[in-house]
Asks: 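The structure is given below, and queries will be raised subsequently.
The chains referred to below are lettered A, B, ... by the order of the sequence lines, with proteins before strands, and numbering in each begins at 1. Side-chain atoms are counted along with the backbone in the values below, which use heavy atoms only and exclude waters and symmetry mates. Note that the coordinates shown come from a computational prediction; the quantities given were computed from them, not determined experimentally.
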Protein chains: 2
Amino acid sequence: MKKTIFVFSALIIALLILFQLSKYAYISGDLSIEFVIAVIAIVFFIIGVIINKKTLRKKAIPDISINTEKIAELGISKREYEVLLQISKGQSNKEIADELFVSESTVKTHVSNLLLKLDAKRRTQAIQKAKNIGII
Amino acid sequence: MKKTIFVFSALIIALLILFQLSKYAYISGDLSIEFVIAVIAIVFFIIGVIINKKTLRKKAIPDISINTEKIAELGISKREYEVLLQISKGQSNKEIADELFVSESTVKTHVSNLLLKLDAKRRTQAIQKAKNIGII
DNA sequence: TTGGCACTCATACTAAAGTACCAAAATCAT
DNA sequence: ATGATTTTGGTACTTTAGTATGAGTGCCAA
């Protein structure tokens with residue numbers, strides 16, 4: 001937020017300078033009005049593009065980075081989260097058990113807890129919900 | 001493409017008119033140079049934003065639209081695809097049956113065919129594969 | 001040191017999911 | 001019209017998934 005204020009302040013100052021310079025240059029007869037207008041047009045065109053790009057980027061980034069807090073918020077433990085990731089990869093309970101070096105019973109326990117915490121009835125629904133809240 | 005050329009032509013013409021008008025208005029003394037510059041700046045700023053938005057939109061669309069060919073390539077029928085979408089939403093066979101107004105047996109048949117065509121062992125794996133090849 | 005929590009595992013079920021095989025309609029292109 | 005494909009549905013069976021319950025172990029903070 002501080003950065004944004006700083007950038008905008010600098011931008012406004014730069015624009016004021018540009019205005020004065022262009023006015024002076026025109027009055028002194030060194031430049032034609034067409035040239036001044038063209039420079040102004042180009043500068044503002046570029047500013048428009050940059051501002052728009054930043055705005056859109058800020059909208060896109062949150063989708064990738066909201067995860068960690070939500071996981072804690074739902075009370076999902078490390079092990080449960082590992083199981084969740086395996087589920088989303090399409091693994092069966094047995095396959096997950098083998099990869100995490102635990103028994104299938106343990107995996108089932110984790111899955112049941114996950115379904116409760118994610119408020120899902122099936123593992124497929126758990127995948128969907130987990131993706132929606134951005135934790136996978 | 002024709003549309004793009006037309007839009008750009010219209011844009012250039014409009015800009016030339018704007019230039020001439022602003023020049024005339026200034027010379028005739030009706031407007032101050034500050035006002036003319038401000039108008040030019042605002043107009044080009046807006047143009048910059050719009051152009052940039054269109055460019056980014058064109059880059060974003062391909063990600064969503066590579067699907068149709070792949071679906072045909074895998075021999076997935078319309079009905080099967082509908083079932084696939086329901087599966088990815090976390091629906092059970094019974095729930096899918098109710099939404100598509102068919103029996104659970106029918107859904108099971110479709111699911112079995114989907115698993116074969118997507119080369120998946122489970123519905124969760126089918127979701128994963130379908131997402132990877134971009135058909136959902 | 002002790003209660004709480006995460007992790008582990010088992011048994012015994014119930015409920016879904018998935019397979020195999022068959023078959024009747026509906027749809028569609030030639 | 002007709003052969004091919006799609007869609008539909010059933011039965012019977014096997015395999016996963018998911019629930020319920022109980023319990024042992026290890027770790028960490030009060």
Asks: Quick one: are B:Ile71 and B:Leu84 in side-chain contact, heavy atoms under 4.5 Å?
Replies: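 Not in contact.
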Asks: According to a strict under-4.0 Å criterion, is A:His110 in side-chain N/O contact with OP1 or OP2 of C:dT8?
Replies: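 Yes.
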Asks: Write down the distance between CD (B:Gln125) and C1' (C:dA17), rounded to a whole number of angstrom.
Replies: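 That distance rounds to 14 Å.
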Asks: Just to confirm, is there a sub-4.0 Å distance from OP1 or OP2 of D:dT8 to any side-chain nitrogen or oxygen of B:Thr106?
Replies: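 Indeed not, no polar side-chain atom of B:Thr106 lies that close.
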Asks: What is the distance, rounded to the nearest whole Å, between atom CG of B:Leu114 and atom C1' of C:dG18?
Replies: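 After rounding, the reported distance stands at 13 Å.
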Asks: Minimum heavy-atom separation for B:Ala120 and B:Ala126, please, with both atom names.
Replies: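 Reported closest heavy-atom pair: CB-N, 3.7 Å.
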Asks: Between C:dA15 atom C1' and A:Leu115 atom CG, what is the distance in whole Å?
Replies: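 About 13 Å, once rounded to whole Å.
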Asks: Could you grab the distance from atom OG of B:Ser88 to atom CD of A:Gln125, nearest 0.5 Å is fine?
Replies: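 These two atoms lie 12.0 Å from each other.
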Asks: Show me the pairs that pass salt bridge (charged side-chain N to carboxylate O under 4.0 Å, His left out) and involve residues 94-104 of chain B, at least two apart or across chains.
Replies: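 Passing the test, one end in residues 94-104 of chain B: A:Arg122-B:Glu95, B:Lys94-B:Asp98.
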Asks: By nearest nucleotide on DNA chain D, pick out whichever of B:Arg79 and A:Arg123 is the more 5' one.
Replies: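 Checking each residue's closest nucleotide, the 5'-ward one belongs to B:Arg79.
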Asks: For the residue pair A:Leu100 and A:Val107, establish whether any side-chain heavy-atom pair is separated by less than 4.5 Å.
Replies: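 No, every pair of side-chain atoms sits at 4.5 Å or beyond.
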Asks: Within the 4.0 Å limit for protein heavy atoms, which parts of nucleotides 20-30 of chain C are touched? Write it as a string from 5' to 3', B for base, S for sugar-phosphate only, - for none.
Replies: -----------
Asks: For B:Glu95 and C:dA15, give me the distance from atom CD to atom P, rounded to whole Å.
Replies: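 Checked: the CD to P distance equals 16 Å.
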Asks: Go nucleotide by nucleotide along DNA chain C from the 5' end; which of B:Lys94 and A:Glu80 gets its closest nucleotide reached first?
Replies: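 It is A:Glu80, whose closest nucleotide lies nearer the 5' terminus.
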Asks: Can you tell me if A:Arg122 touches the phosphate of D:dG18, counting only side-chain N or O atoms and a distance under 4.0 Å to OP1 or OP2?
Replies: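 For D:dG18, neither OP1 nor OP2 has a side-chain N or O of A:Arg122 closer than 4.0 Å.
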Asks: Taking only residues at least two apart or on different chains, which pairs with a member in residues 124-136 of chain B satisfy salt bridge (charged side-chain N to carboxylate O under 4.0 Å, His left out)?
Replies: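 Matches after skipping sequence neighbours: B:Asp119-B:Lys129.
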Asks: Would you give the length of the straight line joining atom OG1 of B:Thr106 to atom NZ of B:Lys108, rounded to the nearest 0.5 angstrom?
Replies: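 Reported to 0.5 Å precision, the distance equals 11.5 Å.
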Asks: Would you kindly give the CD1-to-P distance between B:Ile76 and D:dT6, to the nearest whole Å?
Replies: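 Going from CD1 in B:Ile76 over to P in D:dT6 covers 12 Å.
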Asks: Do A:Leu85 and A:Leu115 belong to the same hydrophobic cluster, where Ile, Leu, Val, Met, Phe, Trp and Tyr are linked whenever their side-chain heavy atoms lie under 4.5 Å apart, directly or via other members?
Replies: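 Yes; tracing contacts between hydrophobic side chains, which count when under 4.5 Å, links both residues.
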Asks: Mapping A:Lys108 and A:Ser103 onto DNA chain C by nearest heavy atom, which one lands closer to the 5' end?
Replies: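 With A:Lys108 and A:Ser103 compared, the 5'-side residue is A:Ser103.
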Asks: Under a 3.5 Å distance rule, please check whether A:Lys117 uses its side chain to pair with a backbone N or O of A:Gly75 as donor and acceptor.
Replies: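 Such a contact is found between A:Lys117 side chain and A:Gly75 backbone.
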Asks: If an axis is fit to five pairs at each end of the helix from C:dT1-D:dA30 to C:dT30-D:dA1, what is the angle between the two, to the nearest 10°?
Replies: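 The end axes of the helix from C:dT1-D:dA30 to C:dT30-D:dA1 are about 60° apart, to the nearest 10°.
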Asks: Which whole-number value in Å describes the distance from A:Asp98 CG to C:dC9 P?
Replies: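 Answer to the nearest Å: 12 Å.
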Asks: Would you check if there is a donor-acceptor pair between the side chains of B:Arg79 and B:Asn113 at a distance under 3.5 Å?
Replies: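 Judged by distance alone, the side chains do not pair up.
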Asks: Looking at the side chain of B:Val102, which of D:dG9, C:dC9, C:dT19 is the nearest nucleotide?
Replies: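 Looking only at side-chain atoms, B:Val102 lies closest to D:dG9.
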Asks: Give B:Ser105 one of three labels, base, sugar-phosphate or nothing, depending on what nucleic acid heavy atoms sit under 4.0 Å from its own.
Replies: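 Touches a base.
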Asks: At what distance, to the nearest 0.5 angstrom, does CG of B:Leu114 lie from CG of B:Leu74?
Replies: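 The CG atom of B:Leu114 sits 10.0 Å away from the CG atom of B:Leu74.
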Asks: Which of residues 81-93 of chain A sit near DNA chain C, with a heavy atom under 4.0 Å from it?
Replies: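 DNA chain C contact set from residues 81-93 of chain A: none.
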Asks: In whole angstroms, how far is the P atom of D:dT21 from the CG atom of A:Leu116?
Replies: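 Atom CG in A:Leu116 sits about 12 Å away from atom P in D:dT21.
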Asks: Can you tell me how far C1' of C:dA12 sits from CD of A:Glu104, to the nearest Å?
Replies: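 Those two atoms, CD and C1', are 14 Å apart.
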Asks: My understanding is that only residues two or more places apart in sequence, or in another chain, count here; which of them pass side chain to side chain donor-acceptor pair (under 3.5 Å) with A:Thr109?
Replies: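 Checked A:Thr109 against side chain to side chain donor-acceptor pair (under 3.5 Å); zero matches.
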